[in-house]
Amino acid sequence: MDYSTEQRLEQYTLKRPTEVLLVAVEIEGQLDEIAIFKGFSSSLMNPTAFDPDVPILPENVKILSIDRLQSPYNPNDPRYIEKGISWENFQQVLASVGL
């Protein structure tokens with residue numbers, strides 16, 4: 001099955017439920033930060049659709065960096081596992097869990 005970028009990231013968090021991903025992205029020139037946890041994505045900077053089937057990340061999204069954090073995510077006390085991972089490097093992480 002061909003997963004979209006967003007689906008691959010959501011699937012990763014289902015396989016690693018103790019992790020939260022914070023994804024810095026650029027969508028049509030606008031910066032956003034997406035939190036992904038246990039298979040769900042939500043924007044930290046813009047409204048998120050109530051319908052979980054509506055993708056947050058379009059196919060033309062530019063992923064700037066990905067941070068891996070321990071869950072539960074507390075913005076006042078984030079516990080980083082790894083910071084500033086490039087999309088190219090994170091694809092290797094995805095491949096290591098079969099995505």
Just by distance, do the side chain of [X] and the backbone of [Y] share a donor-acceptor pair under 3.5 Å?
{"X": "Gln11", "Y": "Arg8", "result": "no"}
{"X": "Thr13", "Y": "Arg16", "result": "no"}
{"X": "Arg79", "Y": "Ser71", "result": "yes"}
{"X": "Lys15", "Y": "Val97", "result": "yes"}
{"X": "Thr48", "Y": "Ser43", "result": "yes"}
{"X": "Asp67", "Y": "Gly84", "result": "yes"}

Just verifying a value: how many Å separate [X] [atom1] and [Y] [atom2], rounded to the nearest 0.5 Å?
{"X": "Glu82", "Y": "Glu19", "atom1": "CD", "atom2": "CD", "answer": "9.0 Å"}
{"X": "Ser96", "Y": "Gln91", "atom1": "OG", "atom2": "CD", "answer": "12.0 Å"}
{"X": "Leu14", "Y": "Gln7", "atom1": "CG", "atom2": "CD", "answer": "11.5 Å"}

Decide yes or no for [X] and [Y]: does some side-chain heavy atom of the first lie under 4.5 Å from some side-chain heavy atom of the second?
{"X": "Arg68", "Y": "Phe90", "value": "yes"}
{"X": "Val23", "Y": "Ile63", "value": "yes"}
{"X": "Ile27", "Y": "Pro58", "value": "yes"}
{"X": "Ile34", "Y": "Val25", "value": "yes"}

(request) Go through Ile36 and Val20 one step at a time and tell me if the side chain to side chain contact (heavy atoms under 4.5 Å, CB included) criterion holds. (result) CA-CA 6 Å; Ile36 305 175; Val20 177; over 6 Å; no
(message) Is there a path of hydrophobic side-chain contacts, each under 4.5 Å between heavy atoms of I/L/V/M/F/W/Y residues, joining Ile66 to Leu64?
(response)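 Different hydrophobic clusters.
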(request) Tell me whether Tyr3 is reachable from Ile56 by hopping between hydrophobic residues (I, L, V, M, F, W, Y) whose side-chain heavy atoms are closer than 4.5 Å. (result)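 In one cluster: yes.
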(request) Evaluate the side chain to side chain contact (heavy atoms under 4.5 Å, CB included) criterion for residues Trp87 and Leu94: first the C-alpha distance (whole Å), next the side-chain angles of each, then the deciding distance (0.1 Å), finally the verdict. (result) CA-CA 10 Å; Trp87 175 236; Leu94 291 172; 3.8 Å; yes
(request) Work out which heavy atom in Leu21 is nearest to a heavy atom in Tyr12; give both atom names and the distance. (result)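 Distance-wise, the nearest heavy atoms are CD1-CD2, 3.8 Å.
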(request) Locate the shortest heavy-atom distance separating Glu10 from Ser41; write the atom from each residue and the value. (result)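 Smallest interatomic distance, heavy atoms only, reads OE2-OG, 2.7 Å.
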(request) Give the intermediate values and the outcome of side chain to side chain contact (heavy atoms under 4.5 Å, CB included) for residues Leu9 and Thr5. (result) CA-CA 6 Å; Leu9 294 170; Thr5 298; 4.2 Å; yes
(request) Please name all residues satisfying salt bridge (charged side-chain N to carboxylate O under 4.0 Å, His left out) with Glu6, sequence neighbours left out, ordered by chain then number. (result)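 Counting only residues at least two positions away or on another chain, Glu6 forms no salt bridge (charged side-chain N to carboxylate O under 4.0 Å, His left out).
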(request) Sequence neighbours left out, what passes salt bridge (charged side-chain N to carboxylate O under 4.0 Å, His left out) with Glu26? Give chain and number order. (result)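 Expected list: none.
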(request) Would you please test Asp32 and Leu44 for side chain to side chain contact (heavy atoms under 4.5 Å, CB included) and show each step? (result) CA-CA 7 Å; Asp32 198 353; Leu44 298 180; 5.5 Å; no
(message) Taking the cut-offs as 6.0 angstrom to the six-membered ring centre and 45 degrees off its axis, would you call Lys83 and Tyr80 a cation-pi pair?
(response)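 Lys83 over Tyr80 ring: yes.
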